[in-house]
Trainee: 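I'd like to ask you about the structure that follows.
First listed ligand is number 1; within each ligand, the first listed atom is number 1.
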Amino acid sequence: MSIMKEVKGVLHFEGVALPAVAEKFATPCYVYSRAAITANWQAFSEQLKAPHKICFAVKANSNLAVLQVLAELGAGFDVVSGGEIARVLRAGGKAEDIVFSGVAKSDAEIRYALNENIGQFNVESDAELERISEIASAMKVSARISLRVNPDVDAKTHPYIATGLEDNKFGIPMQDALATYQRAAELPGIEIVGADCHIGSQLTELAPFLAALERMLALVDSLAEHGITLKHIDMGGGLGVTYTDEQPPQVAEYIQAMLKRLQDYPHLALYLEPGRAIVANAGVLLTRVEYLKFNGHKHFIMVDAGMNDLLRPALYQAHHDIVNVASNSSAAAITGDVVGPVCETGDFLGQNRTLRVQPGDLLAVKSAGAYGFTMSSNYNTRPKPAEVMINGEHMHLVRARETLEDVWRGETLIP
Ligand code: LLP
């Protein structure tokens with residue numbers, strides 16, 4: 001859902017005109033709408049009530065204020081590092097509502113998670129299972145676990161964000177899952193609570209989710225035959241959003257299809273880990289046009305945000321719509337690439353776009369609320385951008401733009 005609207009030719013987020021945000025906090029700048037995050041969350045929470053659970057995938061957007069908004073709405077959280085656990089707790093999330101995924105959890109992270117008594121670990125390998133058991137036993141606690149199994153289902157998405165195929169590094173192969181569960185049942189310090197999978201991200205069809213669910217239920221049946229009963233299955237995240245003309249299933253359709261299949265399993269709760277579907281369309285990246293350049297055969301619209309601020313176009317050839325915040329611009333239309341200041345040919349935000357622009361204009365890169373800021377870097381010694389949360393008529397700076405001191409904090413000159 002998008003809370004973006006045009007008022008007198010100027011793009012607004014809720015009650016705030018985007019140029020006012022740029023004036024106050026400069027560019028590049030990520031802007032999020034609290035109302036949009038809330039509405040996106042509620043689309044899930046209205047469909048899936050306790051004992052089912054929705055765990056926001058923190059990697060999509062880990063700004064403390066975003067996590068705070070979701071924690072206040074009663075969200076659970078899917079994390080992949082000790083750092084993300086700390087963020088969730090700092091933002092007011094509850095430890096018991098955290099599920100800890102991630103392929104290479106360190107001793108320190110496991111110990112920290114057990115100390116905080118998080119909800120559960122999604123265990124990605126036999127070796128990790130043994131390690132969690134050792135650490136939990138030594139701490140005289142019990143770790144609640146799900147095994148993340150790999151259902152070997154083609155998510156039909158970009159190869160870098162497909163995770164449920166045999167070739168991927170994620171999860172325990174389905175054919176090994178029973179043996180690993182049997183091992184888990186014997187290990188000290190381990191309490192089996194569920195099973196987990198995540199087949200990929202930005203899925204635009206229902207079929208792969210249902211195929212994965214079918215395989216997970218076959219596992220549930222086979223575990224039951226061996227005396228291992230589960231309390232829930234976690235189907236991960238992955239529901240796609242509309243960046244251009246994709247037509248992913250509606251949240252209700254996606255959840256109801258799974259709940260319908262689960263009618264035969266009344267004791268099994270459904271967990272989901274949506275990231276993108278909650279935040280992507282609740283955020284934009286604001287950037288200012290610096291120069292227009294024509295090299296004899298191609299036009300370039302050079303802006304002040306680069307691949308270090310928004311990596312998705314460079315890394316996945318992802319398409320984000322880019323619009324002039326003032327739609328009534330009288331500038332001439334140009335067709336060219338929207339490029340940043342970073343010294344890389346791959347540094348583009350959009351290719352072959354037609355825009356009415358002139359230097360000084362403000363552009364909005366849409367659907368940038370997920371995997372935008374969280375994938376940003378300081379490449380080219382570029383301070384990370386500011387982040388602003390819009391709430392009705394108010395704008396809150398929820399992350400100050402980095403200073404150069406921030407960028408080289410921790411570095412020292414040698415004597
Ligand atoms: N659960 C697990 C275990 C995951 O690995 C992921 C995403 C999610 C949930 C959330 O998936 P979502 O609902 O957001 O699709 N940087 C890429 C996306 C990487 C996704 C990695 N895992 C991008 O910008 O498209």
Trainee: Does L239 reach ligand 1 with a nitrogen or oxygen that is under 3.5 Å from one of the ligand's nitrogen or oxygen atoms?
Mentor: no
Trainee: What distance separates C343 SG from Y379 OH, expressed to the nearest 0.5 Å?
Mentor: 7.5 Å
Trainee: Taking atom 11 (O) of ligand 1 as the point of reference, which of Q202, H198, R148, R276 owns the nearest heavy atom?
Mentor: H198
Trainee: Considering residues at least two apart in sequence or located in another chain, which fulfil the side-chain hydrogen bond (donor to acceptor under 3.5 Å, both in side chains) criterion with R131?
Mentor: D107
Trainee: Give a yes/no verdict on a cation-pi contact between K105 and F100, requiring under 6.0 Å between NZ or CZ and the six-membered ring centre and an angle within 45° of the axis.
Mentor: yes
Trainee: For ligand 1, is any non-hydrogen atom under 4.0 Å from A57's backbone (N, CA, C, O), its side chain (CB onward), both, or neither?
Mentor: side chain
Trainee: S101 to ligand 1: N or O pair under 3.5 Å?
Mentor: no
Trainee: How about D196 and S146: does a side-chain donor come under 3.5 Å of a side-chain acceptor?
Mentor: no
Trainee: Short list, please: which atoms of ligand 1 are under 4.0 Å from a heavy atom of G238?
Mentor: 11 (O), 12 (P), 13 (O), 15 (O)
Trainee: Between R382 and D309 (salt bridge meaning N to carboxylate O under 4.0 Å), is one present in this structure?
Mentor: yes
Trainee: Classify the contact between E273 and ligand 1 as side chain, backbone, both or neither, using a heavy-atom distance cut-off of under 4.0 Å.
Mentor: both
Trainee: Measuring from non-hydrogen atoms of P274 to any atom of ligand 1, is the shortest distance under 4.0 Å?
Mentor: yes
Trainee: Considering both backbone and side-chain atoms of G275, is one of its nitrogen or oxygen atoms within less than 3.5 Å of a nitrogen or oxygen in ligand 1?
Mentor: yes
Trainee: Distance-only, no hydrogens or angles: does the R288 side chain make a donor-acceptor pair with backbone N or O of L363 under 3.5 Å?
Mentor: no
Trainee: Have a look at ligand 1 and work out which part of D78, if any, has a heavy atom under 4.0 Å from it: side chain, backbone, both or neither.
Mentor: side chain
Trainee: As an exercise, state the distance from OG of S367 to CD1 of I322, rounded to the nearest 0.5 Å.
Mentor: 11.0 Å
Trainee: So, does A60 sit close enough to ligand 1 that a heavy atom of it is under 4.0 Å from the ligand?
Mentor: no
